[in-house]
Amino acid sequence: QIGDYALFGSVEYLPFKKLIIRPGLRYSYNTAYEAPLTPSLNIRYKINKYTLRTSYSKGFRSPSIKDLYFNFVDINHNIQGNPNLVAETSDNYSFSLVWQTVKKSRIYKVGSSLFYNDINDLITLAQGEGSSFSYFNLERYKTLGMQLNTEFSIEHFKLSLGGAYTGRY
């Protein structure tokens, strides 16, 4: 049995009408792993028809009971847990810019976003010898991505078109 308990708090600060700053802090208690305080910071700034958002957050994930002790073997599967796993931690960054205009009952919106994740000791499943699989910690895992979206709305009708690219290493 593993217990995971957490409290999260956030405040919102408006130094002036167009700027919102929202820091947050999460305190976690895990009965099997020492959990760090995980902060976050979100900022939104509106300039006329543009909305700029940026954020940073620290992440923490302790191994679950499944990651540690799962044992599933049948004719098609051989998946074993790993009791030697360590918790994963991460740093997450994002940035987005959205342009929006309203003309009569029509809304036009174009936006793009970028993100970057840097994960230490990622808990993941990997193939071992033969057809056996087990959970392990990947020392370093990074993702970088972008997304582009367009949207047109009129009354109860909405048309959206977008695309995304995610790279990992």
Just so I know, are the side chains of Arg140 and Asn120 near enough to count as touching, which here means a heavy-atom distance under 4.5 Å? yes
Which heavy atom of Leu52 sits nearest to which heavy atom of Phe95, and what is that distance? CD1-CE1, 2.9 Å
Taking the side chain as C-beta and beyond, is there a heavy-atom pair between Thr51 and Arg44 under 4.5 Å? yes
Separation between OG1 (Thr143) and CG (Asn117), nearest 0.5 Å, reads 3.5 Å
Tell me the closest heavy-atom pair linking Pro63 and Val86, and the distance in Å. CG-O, 3.8 Å
Do Asp91 and Lys58 touch side chain to side chain, with heavy atoms closer than 4.5 Å? yes
Within a strict 4.5 Å, meaning less than it, do heavy atoms of the Asp121 and Thr89 side chains meet? no
Within the distance-only criterion (no hydrogens, no angle test), does the side chain of Glu151 pair as donor or acceptor with the backbone N or O of Lys109 below 3.5 angstrom? no
Can you name the nearest heavy-atom pair linking Leu37 to Pro39, along with the distance? O-CD, 3.5 Å
Taking every heavy atom of Ser62 against every heavy atom of Ile123, the minimum-distance pair comes out as C-CD1, 4.2 Å
Considering non-hydrogen atoms only, spot the tightest contact between Phe136 and Ala126 and give its length. CE2-CB, 3.1 Å
Do Asn82 and Gln80 get their side chains close enough for a donor-acceptor pair, meaning under 3.5 Å? no
Are side-chain heavy atoms of Tyr108 and Thr150 found at a separation under 4.5 Å? no
Does some side-chain heavy atom of Phe72 sit less than 4.5 Å from a side-chain heavy atom of Phe133? no
Heavy atoms of Asn71 and Val73 approach each other most closely as OD1-CG2, 3.7 Å
Do Asn92 and Phe115 have side chains that approach each other closer than 4.5 Å (heavy atoms only, starting at C-beta)? no
Do Leu159 and Leu161 come within less than 4.5 Å of each other through their side chains, counting heavy atoms only? no
